[in-house]
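In what follows, every chain begins at residue 1, and chains take the letters A, B, ... in the order their sequences are listed.
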Protein chains: 2
Amino acid sequence: MQSKSNAKKRETTIAKQLAEELGVSVSTISRAFSPRAVIASETREKVLQRAKELGYQPNPFARSLITRKTNIASIIVSDITNPFYPEVLTRLTDSLQELGLNVMLFVSTNANDSDNIVSQALRYQPDVLIALAATVSSKAASKVTEAGASMVYFNRYVPNESVYTVTCDNYLGGQVIADFFLDNGCRYPAFISGLADATTNRERWKGFSERWLERAVSEPRKVEAGRFAHEAGFNATIKLLAGRVRPDAIFAANDLLALGALDAVQKAGLSAPKNVSIIGFDDIAMASWSSHSLTTYRQPVNKMITATVDIVKSILADKAQPPAAIHIPGELVVRSSAKIANMGRG
Amino acid sequence: MQSKSNAKKRETTIAKQLAEELGVSVSTISRAFSPRAVIASETREKVLQRAKELGYQPNPFARSLITRKTNIASIIVSDITNPFYPEVLTRLTDSLQELGLNVMLFVSTNANDSDNIVSQALRYQPDVLIALAATVSSKAASKVTEAGASMVYFNRYVPNESVYTVTCDNYLGGQVIADFFLDNGCRYPAFISGLADATTNRERWKGFSERWLERAVSEPRKVEAGRFAHEAGFNATIKLLAGRVRPDAIFAANDLLALGALDAVQKAGLSAPKNVSIIGFDDIAMASWSSHSLTTYRQPVNKMITATVDIVKSILADKAQPPAAIHIPGELVVRSSAKIANMGRG
DNA sequence: GTGAAAGCGCTAACAT
DNA sequence: ATGTTAGCGCTTTCAC
C-alpha cells in the first residue's frame, strides 16, 4: 500500500550530501557544529553557511545518543488554573530556550498521576527537570535521583529532602501580612486556606499565625477552601461571614481566593475595606484592575525565574552542585481592599 | 578532572543486562516493547515485568532514529497572557499525552521570532506541530511542509493556504453578538479591536459589522486597542466614551478587553448595562465572577480540543490526510453586562 | 586540521 | 517465535 506520501525514503542524508558537495568528511561537518571542536575557522564558516542554505541542522537524537546530553529540560506542571503560572511557564520556557535547552512539557492532572508523569519525563533523559507548582511524591523524587537527573522545584518545597528549591518567602509573606493587619488596627483575623497540602499554603499560614500570636492575644481563624480558586474563596468567605464573630481581616492564601472573598463580601452586602480588610498573595494581573484593587503580597517572579535558571545553569555545568533551598522575599502591594489606619504623622 | 559525579559510564546498558539475565536476545527485549511485534505473550510478560522492576524503558532517541517516528508533538505558543490559553495548553497537552505523544513547548516572545522558533521545533522532527494562538509566517509554514511535517493551527486561520485549522466560528460569533444588540434595542455599536492582525480579531469584527450593516443603517465604530489585554480595553473604552456620540453597545474582541471596558465604564461614572451594553468573547473563568458578570460568546473549548486531537490522530495514522478548516460554533452566555429589552411575551 | 572507523541504543529485515 | 546482522545519524577516539 505504502503511498507516495512517505517522503522520507533514502536520500543519503543531508549531512552526507553536504560532506560530498564540500569535499570534506562527515566528521568535519559534525565538527563545524560543535563550537568547541578543533577545526579551521574557514572550514567551519564554509560548512555552516552551506548548511544554512540547505536548512540542515544535526539531528539532536543521534547527537544526544552519543554525547549523553539531551539539551532537554522537562517541566512538570499540575493543573494551572492560577493565572500566576502561565506567565511563569512561558517566561521560564523562554529563558531556558535562550540557554539552548528545549522544553518538554508534562502535565499531571490528578495527583496520583505525578509519579507516572515523572517516569515518563525521565525516558527522555532530560538534563534537568523542573516541577512547577506540582507536588511530586518522594518516591518519584528518588526515581529522579536514581536516574542521575536533577530536579528543581519551583514554588514547592520538599521538606526533609535535599533538593533544589526556589520559592517566594512564603513564611515571611505571612508575617508581613499579619503585621499589616495589626498595624492597621485589625483584631479578628481569618485565613482562607487553599490546597491544604501545598507547601505554599502551609508556609503562608504558618508565618501569618505565628506572627499574629507573637503580637496579639486573639488567634486567627482558619477556613479550608480546598482549592486555589475563586469559587472556593467565595464559598469559604460566605461561611466565614455567617459565623458568630465576623472577621475584620481576611488573608487569603492566594489572589484567586482573595478575589472570591471580595465578591462574597459584596454579595453579603458588606464592603472591603470598610467592614473587612482583604489581602491576597501573588499579585496576579487582575489584582490591579480597578474592579478589584486587591492588596496583595507580590511574588518576585523575575527573581524567582532568574534563580531557577541560575540553578539550571549550574546543573548543566556540573551535576555535583549541592542542592539548596532559595526563598526570595516579595513585597506587599497596598491597594484599596485592606484598610489603612489613620496614623498621625511625625 | 572528571569527578565521580559522572554516573553514566559504562554499565553495559540495561537492555543488554536484561537480555542476558532472561536468556534472550536484545531483539526480543525490543519486541516486548513493540505492541504489534510478533512475540510469545509469555515472553513479553516476562520481559515487561522484569523491565518494570528494573525501571527500564527503551531509549526514545535510539528508537526514533530508526522508526522515524518521534512521538513528539511540538506546541508553539506566543505570549499567553490571555487566561483562555493556559487551560487549552494544559488540556491539549494532557490529551496528547494520552495519545502517547510527548509534548515539546516552544514560546515565541516577539513575532519576528516565530520563524526561528519553528525551525527550532523542526529539529526534533515532531510527528505533528500545533500552533496555539501563535501567528506563524507563511515562510515558516512552508518550512514545515518542506520538512514533511504537518501543522495544526489552533485558533488561528491561515488564509489562502491549505492547512489544518481549528477555530471557534468567530464570524458567526460576531454575527450573534450583532443580533443580540439589535434585538435588544441598541443603536450605536462599537467594536474594540485587539491584536489587529490576529485572524480571530478580524473574523469577529467581520461577522459583527457585516451583520449589523445587513440589519441597520448605522455603522459600527471600531477602535484599536492594539493588544488583547485589560489595560488596552480600558484605555480604548475611555477614548470611546469621550467621543461625541457615546456608544450604547460595545463588543470587545475578547473577554480581557471587555473586562477592561467594564472597568472604564465604571470609572467614567457610568454603568453597564444601564448606559452601555458590553459583550466579550471567550468566556474565561473571570467572566462569570459576580464582580464582572460579563455577557460573552463562549468558545467551545472541549469541542475544539477534541477536533484538534482528532486531526492529530489522523495525521499520525496517515500523513496524506487532506487539510481542512474546522470552525466550531460557540454560544452566547448572557449575563448582566448587556441589557435585555423588555419584549412582550406571547 | 582532517579522515577513517567504531559505536551510542535501538529496531527491522532476514534467517532459522 | 526467536537470534543474527545491519544500520539509523551522529560524535569521537585514533591515526595521519
Side-chain angles (χ1 to χ4, degrees), chain A residues 2 6-48 51 54-72 122-125 147-148, chain B residues 2 6-48 51 54-72 122-125 147-148:
Chain A
Q2 284 294 75
N6 210 334
K8 292 164 189 160
K9 249 298 157 66
R10 184 109 349 195
E11 308 174 23
T12 358
T13 98
I14 308 192
K16 257 179 211 158
Q17 265 178 234
L18 224 184
E20 200 162 335
E21 178 186 329
L22 263 42
V24 297
S25 71
V26 273
S27 324
T28 302
I29 306 290
S30 168
R31 282 190 261 257
F33 281 94
S34 277
R36 306 149 33 93
V38 285
I39 180 177
S41 48
E42 313 161 25
T43 318
R44 167 172 285 146
E45 290 285 306
K46 191 176 64 177
V47 173
L48 252 32
L54 264 53
Y56 168 80
Q57 287 185 287
N59 179 327
F61 297 145
R63 169 179 270 185
S64 58
L65 207 49
I66 171 131
T67 60
R68 325 200 72 85
K69 288 201 62 192
T70 53
N71 281 338
I72 288 179
L122 246 23
R123 285 192 62 175
Y124 282 86
Q125 313 191 354
Chain B
Q2 285 294 76
N6 209 334
K8 292 165 191 160
K9 248 302 159 65
R10 185 107 350 193
E11 307 175 24
T12 354
T13 100
I14 308 193
K16 256 179 214 158
Q17 265 178 235
L18 225 184
E20 199 162 335
E21 177 185 330
L22 263 42
V24 297
S25 73
V26 271
S27 325
T28 301
I29 305 291
S30 169
R31 280 191 263 259
F33 281 93
S34 277
R36 306 149 33 93
V38 284
I39 179 176
S41 48
E42 314 161 24
T43 318
R44 169 172 283 147
E45 291 284 307
K46 190 175 65 176
V47 173
L48 252 34
L54 263 54
Y56 169 79
Q57 287 185 286
N59 179 328
F61 298 143
R63 168 179 272 184
S64 58
L65 207 50
I66 170 131
T67 59
R68 326 201 70 84
K69 290 201 60 194
T70 52
N71 281 336
I72 287 179
L122 246 22
R123 287 191 62 175
Y124 283 87
Q125 313 192 350

Undergrad: Return no unless some side-chain N or O of A/Arg68 is found under 4.0 Å from OP1 or OP2 of C/dG9.
TA: yes
Undergrad: Just so I know, are the side chains of A/Leu22 and A/Thr28 near enough to count as touching, which here means a heavy-atom distance under 4.5 Å?
TA: no
Undergrad: Can you measure A/Leu65 atom CG to D/dT12 atom C1' for me and round it to whole angstrom units?
TA: 13 Å
Undergrad: Rounded to the nearest Å, what distance is computed from the OH atom of residue B/Tyr124 to the P atom of nucleotide D/dC10?
TA: 13 Å
Undergrad: Does the side chain of B/Arg63 reach to within under 4.5 Å of the side chain of A/Arg123, using non-hydrogen atoms?
TA: yes
Undergrad: Between atom CZ in B/Phe61 and atom C1' in D/dT11, what is the gap in whole Å?
TA: 15 Å
Undergrad: How would you label the contact of B/Ser25 with the nucleic acid (heavy atoms, under 4.0 Å): base, sugar-phosphate, or nothing?
TA: base
Undergrad: Sorted by first residue and then second, give each salt bridge (charged side-chain N to carboxylate O under 4.0 Å, His left out) pair with at least one member in residues 31-47 of chain B; sequence neighbours left out.
TA: none
Undergrad: Might you point out which heavy atoms bring A/Val26 and A/Ala19 nearest each other, and give the distance in Å?
TA: N-CB, 3.9 Å
Undergrad: Reading nucleotides 11-16 of chain C 5' to 3', which nucleotides get B (base under 4.0 Å from a protein heavy atom), which S (sugar-phosphate only), which -?
TA: BBB---
Undergrad: What is the distance, rounded to the nearest whole Å, between atom CG of A/Leu18 and atom P of D/dT11?
TA: 13 Å
Undergrad: Which residues in residues 36-46 of chain A have at least one heavy atom lying under 4.0 Å from any atom of DNA chain D?
TA: none
Undergrad: For B/Asn59 and C/dG7, what is the distance between atoms CG and C1' respectively, to the nearest whole Å?
TA: 14 Å
Undergrad: For the residue pair A/Phe61 and B/Ile72, establish whether any side-chain heavy-atom pair is separated by less than 4.5 Å.
TA: yes
Undergrad: State the OG-CG distance between A/Ser41 and A/Leu48, to the nearest 0.5 angstrom.
TA: 11.5 Å
Undergrad: Residues two or more places apart in sequence or in another chain: which of them pass side chain to side chain donor-acceptor pair (under 3.5 Å) with B/Tyr124?
TA: A/Asn102
Undergrad: Taking the axis from the first five pairs and the axis from the last five, what angle separates them in the helix from C/dG1-D/dC16 to C/dT16-D/dA1, rounded to 10 degrees?
TA: 30°
Undergrad: Quick one: OG1 on A/Thr70 to CG on A/Leu65, what's the gap to the nearest 0.5 Å?
TA: 11.5 Å
Undergrad: What integer distance in Å separates B/Asn71:CG from C/dC10:C1'?
TA: 14 Å
Undergrad: What are the two closest heavy atoms between B/Leu122 and B/Ala147, and how far apart are they?
TA: CG-CB, 3.9 Å
Undergrad: Please state how far atom CD in B/Gln125 lies from atom P in D/dC8, giving the value in whole angstrom units.
TA: 14 Å
Undergrad: Run the side chain to side chain donor-acceptor pair (under 3.5 Å) test against A/Ser64 and tell me which residues pass, sequence neighbours left out.
TA: none
Undergrad: Rounded to whole Å, please give me the gap between CD in B/Glu20 and P in D/dG3.
TA: 13 Å
